[in-house]
Structures are given as structure tokens and as C-alpha cells.
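What follows is a single structure, written as C-alpha cells, with notes after it.
Throughout, protein chains are lettered first and strands after them, A, B, ... in sequence-line order, and every chain is numbered starting at 1.
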Amino acid sequence: MSDDNKITITVLYFASACDATGLSSESLTFPLPQMRICELEDKLKARHEKLKNILDICMFAVNKEYCGKDDIVKEGDEVAIIPPVSGG
Amino acid sequence: MSDDNKITITVLYFASACDATGLSSESLTFPLPQMRICELEDKLKARHEKLKNILDICMFAVNKEYCGKDDIVKEGDEVAIIPPVSGG
Amino acid sequence: MTESVDFVKLTTDPLDLQEIVDLVKDNGAGAISTFSGTTRNTFNGKTVVQLDYEAYTPMAIKLLSSLIVTARSQWLITKAAIYHRLGTVPVGETSVIVAVSTVHREESFRAVEFLVNELKASVPIWKKEIYSDGSVWKENAESKRCCRS
Amino acid sequence: MTESVDFVKLTTDPLDLQEIVDLVKDNGAGAISTFSGTTRNTFNGKTVVQLDYEAYTPMAIKLLSSLIVTARSQWLITKAAIYHRLGTVPVGETSVIVAVSTVHREESFRAVEFLVNELKASVPIWKKEIYSDGSVWKENAESKRCCRS
């Protein structure tokens with residue numbers, strides 16, 4: 001069973017975010033019961049220098065749903081960093 | 001050379017107009033130097049009983065150009081009776 | 001020799017969408033929009049067996065070409081094609097295809113819509129709808145009656 | 001068993017317009033509109049060699065399906081298909097096809113335009129444009145930045 005005072009999440013990186021981190025995904029554990037997207041953003045910026053400017057123009061999705069910066073991230077969530085899209 | 005006091009024209013019939021006349025075309029000669037479309041319309045109504053109501057909802061084209069009831073028909077012109085279109 | 005950019009055709013042959021799209025495809029164009037009109041199997045509750053199309057072909061060709069010229073005066077079109085079937089068109093088969101290629105998509109949307117709407121309003125092509133129990137010459141709602149009233 | 005009416009697919013295979021149109025063809029529908037997005041050979045004067053597409057596939061599929069639901073809430077759609085290519089797409093080849101069949105044409109025009117515009121705004125698919133002298137991740141002008149400022 002999970003420790004109630006920490007969460008482990010999966011962060012997915014695509015396109016320019018993948019280039020900047022050299023990762024397509026990573027699993028991160030935080031000593032918190034939950035966190036806001038904006039808090040996660042700060043932690044990712046601290047963790048990946050090259051992601052700083054990119055994150056400023058990216059959107060976030062939690063479990064395949066676009067979300068806002070005040071939305072909550074919980075244990076086991078999948079968070080995707082979504083650079084500006086260019087499909088079509 | 002044509003007689004200056006008469007004109008010979010070709011009248012084309014399509015769709016419902018063709019059904020009504022039993023003709024796809026006819027050549028008509030009139031003892032006039034020229035005539036207006038509305039005059040031709042009256043003559044065609046007199047000539048073809050079943051064309052009366054149909055002509056009321058048809059357009060006319062002279063030499064493949066839509067025209068108005070006051071437009072002039074001249075020697076050698078091709079006049080088409082255009083029932084409401086239903087292409088596409 | 002100048003490469004063709006406008007394609008207009010009336011034909012009794014079945015229409016091939018890929019063939020027509022290939023006519024308008026261009027490496028300088030990022031967008032291709034098409035419209036295909038097909039024969040529906042019912043009209044106001046009546047069972048449609050087939051459609052029979054006829055045309056004043058020389059005038060129809062002339063008008064269709066002229067519609068493309070008008071469309072080009074409003075939108076930046078790379079290539080355009082309008083094919084219309086004549087003769088018997090069975091249920092489910094395609095009677096008209098309009099295809100337009102453009103650099104950007106907005107213009108292809110607008111141009112196809114314009115060409116289809118204008119075709120239905122003014123081009124001398126007529127459809128006889130044959131039902132299981134009769135037939136009738138159709139009239140497009142948008143068929144123009146200008147110059148007449 | 002219920003007949004499928006919505007078709008969404010991301011694939012590395014070439015896209016076949018006729019195949020996709022055949023999916024949406026229906027004898028009760030008189031109109032089929034399509035949009036094909038193709039790879040242009042230049043962008044702002046640079047020579048484009050190819051495009052490389054990647055996607056957050058599960059979310060893209062989910063969003064595309066949801067876009068069709070939204071379109072159906074606004075227009076009477078018979079069938080709809082959205083296919084998008086992934087991987088390398090050479091110049092001149094098709095990267096996306098949207099096809100919609102409807103009873104009347106107006107609705108097919110509106111629905112295709114809506115689906116293409118919304119796809120370009122929100123679906124997590126990314127295009128890297130490879131030029132003869134470099135490459136860059138593109139951004140659709142309409143790419144949404146909601147929730148961020």
C-alpha cells in the first residue's frame with residue numbers, strides 16, 4: 001500500500017519537451033500527499049534546466065485530460081507535458 | 001445571305017420542357033428582324049400548349065448565356081429553355 | 001506548355017475520387033478539400049431506385065469553368081476540379097465531385113462550398129428521380145430564377 | 001451488433017482517401033465532405049524535405065473521438081472519420097484526412113471545418129519539419145494555451 005504522505009507519479013515528455021529532457025517519461029516521487037500542477041511545474045523547472053522556457057508555453061494533461069495550473073495531482077497520476085500542438 | 005426581315009433561330013428543350021414538347025430542339029423562323037425573349041416566350045406558349053406553365057418557371061439562355069426577358073434574340077441565335085436546375 | 005490547373009468534366013462514367021484528387025494535388029498546396037454528392041436511397045419517404053441526369057453540356061461546361069474563375073477571384077486556389085456524372089446514377093453512387101487545393105485550408109473550405117452552392121444554383125444539369133412507384137424532375141431549392149420576375 | 005459510425009485512427013501507414021470515404025459512405029447520406037492535409041515542399045522559403053509526426057496517442061485518440069461527439073451535438077452527421085499519420089511523412093504525402101457524411105451538404109461542410117480546426121487547436125500531435133538545412137518543431141497558430149495564463 002502507498003505511503004499516505006508521498007506520491008509517485010509518471011511524467012510524460014513529447015516533442016520539444018522530450019528533446020529538452022532527453023526523456024520520454026520519468027517516474028517521480030514527492031514527499032507530499034498531493035500537489036498542484038503549478039507546484040509540479042516549479043519542481044520540473046528545477047530538475048530540468050532546459051525545460052524552463054519550454055514549460056512556459058506548454059499545457060499539462062492529467063490522465064489524458066487537459067488541466068489548469070491549480071488542478072491537483074494525486075498518487076499514481078500520469079501527467080503529460082504538452083508543447084504547442086502541430087497536428088493536421 | 002439572310003433576309004433582313006426574318007430570323008431563324010434554334011430553340012433547345014431540356015428535362016420537363018423536353019417532356020412537354022416531345023422535342024429536344026426545333027428550328028423556328030419568324031417574320032421579324034429581331035425579337036425580345038418575352039415575345040419568344042409568348043410564341044412558344046402559343047405553339048406548345050403543355051409548355052405554358054413550365055415556361056413560367058424556366059430561365060432562358062441565348063448562346064449559352066443566361067438572359068433576361070427583355071434581351072434581344074437575333075438571326076442564328078441558339079435559345080435554350082432552362083427548367084429549374086437540379087445538378088449536384 | 002502551361003500546366004493545367006482547372007479541370008471540368010461531364011461524363012457518363014463512374015466518378016473516381018482519388019483520380020480527381022490526384023488532379024488537384026500539388027506539392028505547393030497543404031490543403032485539399034472535396035465534396036461528393038451521392039444518390040440517397042429515400043426522398044420524403046419514397047424509395048429512390050436511381051437518378052437520371054441530363055445536361056445542356058456546352059453551357060454547363062462553360063458555366064463550371066466560369067465558376068472556377070470567380071472562385072479564384074475570391075480565394076487563392078492552387079488547382080480546382082469539378083466532375084459531374086450524366087446518365088443513370090444508381091443509389092449509393094457519386095453524381096458530383098468538387099475538389100480544390102490551396103496553400104492554407106480556410107480557402108479550400110470556402111472555395112469548395114462556393115463551387116458546390118453555385119453549381120446547384122445555376123448550372124444547367126437536371127436530375128430525374130426515379131422511385132419504385134414513379135418519377136419526377138427535381139428542382140434544387142437554390143435554383144435561380146433571376147431575370148424572370 | 002451496432003454498426004460503427006465514428007472512425008478514428010493514428011497510423012504510420014500511408015493514408016488512403018478512398019478507403020476512408022468508403023467508411024463514411026452511407027445510402028442515407030447525400031453528401032460527403034473531406035479534408036486532406038498534405039506536406040508542402042516549402043515553408044517561408046525553406047525547402048521542406050519531410051515531416052516527422054509524433055503523438056501522445058492514447059490522449060489523441062480520446063480527444064479525436066470526443067471531437068466527433070461534439071460535432072454530432074451541433075450537426076446531424078451520418079458517419080465521420082479522422083485519420084492521422086505518424087512517423088515520417090514525405091513531401092506531397094497526406095498527413096491527415098477528415099471525412100464526414102451527412103444527409104444535406106451544409107452540415108458536412110460545417111462539421112469537417114470544425115473537426116479540422118479543433119484538431120489543429122487541441123489534439124496532442126506534433127510535427128517536426130525537416131528542411132534541407134535543419135529542423136524545427138512546428139506550432140499551429142491555433143494551438144490552445146488555455147489554463148496557462
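Of the listed residues (N27(C), V103(C), T42(C)), the greatest number of heavy-atom pairs within a distance under 4.5 Å of chain D belongs to N27(C).
At distances below 3.5 Å, not a single donor-acceptor pair connects side-chain atoms of H84(C) with backbone N or O atoms of K9(C). One N or O on the side chain of T38(D) and one on the backbone of A29(C) form a donor-acceptor pair closer than 3.5 Å. Remark: side-chain polar atoms of R72(C) are paired, donor with acceptor, to backbone N or O of T78(C) under 3.5 angstrom. In this structure, the side chain of N140(D) does not engage the main chain of E142(D) through any donor-acceptor pair within 3.5 Å. Remark: side-chain polar atoms of S101(C) are paired, donor with acceptor, to backbone N or O of V24(C) under 3.5 angstrom.
Residue T39(C) touches chain D through its backbone alone, counting heavy-atom pairs closer than 4.5 Å. Of the two parts of V48(D), neither the backbone nor the side chain holds a non-hydrogen atom closer than 4.5 Å to a non-hydrogen atom of chain C. Heavy atoms of E93(C) lying under 4.5 Å from chain D are absent altogether. Heavy-atom distances place the side chain of S108(C), and not its backbone, under 4.5 Å from chain D. In this structure, chain D has a heavy atom under 4.5 Å from the side chain of T94(C), while its backbone stays farther away. In this structure, chain D has heavy atoms under 4.5 Å from both the backbone and the side chain of F35(C). For V96(C), no part lies near chain D; criterion is any non-hydrogen pair under 4.5 Å.
The closest side-chain heavy-atom distance from L64(D) to L119(D) is below 4.5 Å.
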